[in-house]
Amino acid sequence: MKSHPIKTFLKDKKMDFYLITNNDLHLNESPNLELKDIYKLFKFDCTRGYILFFINKFVFFTDSRYILAAKKFFKNNCEIYNLNEINIIDYLIMQKKELSGILDSRLISVKEFREINSKLEKNKINIYPHFTNFFKKNYYPNFNISYPLSMPKYLIPRTFNDNLKRIKNNIKTEGILIWNNAHVAYLLNVRSFELWNSTKPFSGLFIPKKNIKPILITNNLKLGKISKINNNFKILREENFIKFIKLSKFKDIETSYEFLNLNIYLRLSKFLNLSETNINISKYLGIKTSKEIKNIETCHIEDGLAVTKFIIDLKTKNIKPKNEYEISEYLYNKRKECINFFGNSFDYISAYDSNAAIVHYKPLSNNSLSSKNRNILLIDSGAQYLEGTTDITRVIKVGTKNFSRIKYSYTYLLKSLIKIENKIFPRNTRSSEIDLFIRNYLAKFRIYYSHGTGHGVGNFGDVHEKYPIISQRSKDILTKNNLFSIEPGHYIEGQFGLRIENLYVTKTLNKNLILKNITLVPYDLELINFKYITNFEKKYIKRYHENIYETLQSRLNNKQKIYFLKNLINKI
């Protein structure tokens, strides 16, 4: 490993390692590339990742979505571990010796730091928060590209005054510090665009219990151009906020340790008590209002139109993309034609054949597979509309080969979704039961996947919301008007990858719960082995396709209508 400022620093300070996270100041899941230390140092992009940088080696940790991509990228230059099998704590303890390390205190949550540190200290391994930089890095996005806006009144689920009142009434201390900027965006009904594929302002929020103005904590002063922010909030940069709290002599405020970065916590803790809050804002966001559901369903009509047109154009060879990257660009341009489209909700996963086995594969303009002689395409994409956020995955047959193994797996993935859409769940069902229901069904046919089954989705917000999480370990309890994805898959390294993803809303039926599929994009009938499909399932798929056609037909041209009727309805 070449000489590096981190290596020099560790030698000078007689430290053993530096723990590199992939967060930004607000601990966002997917920050801009220039804010990601892992990308800045190694040029590898991922949502979740950590690197233990030792003087003589580095060790990369990520989840199952990125393992194949990491092995392909790093090759033999580092050790790579799946966090679900060996995490950072396990690895350091396995070294069986006393070690000392550091991490950037701004880029880790209070909760995560405590969990790591408490376990390591018992094994005589110390990790210390670091406050100064020894290599060049960015902490703030480019605010020049920011475009702050206040949500139109007809779209807001609850007024910002009602949101603040609700929070205030539940504060047990002198105030609450909210550092999750998705929470800030939702509570204040504001959006901004300084983060890629995101609508969140790069901001925190302090809501005092007493009757003084709440404080928007941000270095993006453009937010002050929104009249309701300018009139109802005090706007302070991060440094000035800390000074303000100290001078105001607050003694006891609350926050979420899961979302607050360690640096802010340690600085405030010097002069006040910062306790864990009981206010669950993530759940508050995750239970959509009837107005939100109506708006979200509206944006899915726009999104369904764009993706359906894209699929038909691809199938009829109306477009001839040269590679995976051009495919993603074509779909993006289709979405740009839609009403109230603002941008992508994440970087598209457009993958042919074996690349589709890399769960979070990202095609690049200068590095993606050619379209020549390909068989299947997996396209996972989503968009931000004024009315809501979308996320959808479809697999499309693009070649002439007819792989029985692919059709077998695809058919049972589809059957699992049909089964869950027709199941009635009791009240207070845990999201882990949804996960288990699908996994147990697919396991009968030897179909497995290592990622989660689904995730919450925002309202013109985060494509991955914290509630509800559909996974084996989740403790979330489902209720009416939750919005989340269900996305089972099957991946064979070096051969193919399959995933079908729809978004679902929970509805009540005689006090029980059912799942309503709000995604309006047809499945590829050429990938279904109808020998495994029951008559009920066949009729169910046909009704789904007929509903899509009835919803979209007025905005399809004649060629698109003819294709849809002939190949997506009459063939069933």
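Here the structure is a predicted model, which is why all the values come from computation and not from measurement.
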Practice prompt. May I ask you to establish whether Arg335 and Tyr385 are in a cation-pi arrangement, using a distance under 6.0 Å from NZ or CZ to the six-membered ring centre and at most 45° from the ring axis?
Written response: no
Worksheet item: If we ignore angles and hydrogens, is there a donor and acceptor under 3.5 Å between the side chains of Ser431 and Asp476?
Response: no
Worksheet item: Would Tyr540 and Glu421 count as having a side-chain donor-acceptor pair, cut-off 3.5 Å?
Response: yes
Fill in: Side-chain donor or acceptor of Asn295 paired with backbone N/O of Gly388 under 3.5 Å
no
Practice prompt. Identify whether NZ of Lys or CZ of Arg in Lys423 sits under 6.0 Å from the centre of the six-membered ring of Phe425 and within 45° of that ring's axis.
Written response: yes
Discussion item. With no hydrogens and no angle check, just 3.5 Å: does a side-chain donor-acceptor pair link Glu302 and Asn340?
Written reply: no
Practice prompt. Test salt bridge (charged side-chain N to carboxylate O under 4.0 Å, His left out) on Lys571 and Glu526 and set out the steps.
Written response: CA-CA 10 Å; Lys571 277 194 175 179; Glu526 291 186 89; over 6 Å; no
Discussion item. Could you check whether Glu487 and His451, counting side-chain N and O atoms only, form a donor-acceptor pair closer than 3.5 Å?
Written reply: no
Worksheet item: So does Asp524 pair up with Lys397, basic N to acidic O under 4.0 Å?
Response: no
Practice prompt. For Lys315 and Asn567, test the side chains for any donor-to-acceptor distance below 3.5 angstrom and give the result as yes or no.
Written response: no
Discussion item. Quiz question: by atom type and distance under 3.5 Å, do the side chains of Arg191 and Gln384 form a donor-acceptor pair?
Written reply: no
Discussion item. Within the 3.5 Å criterion, strictly below it, is a donor on Glu194 or Ser192 matched to an acceptor on the partner's side chain?
Written reply: yes
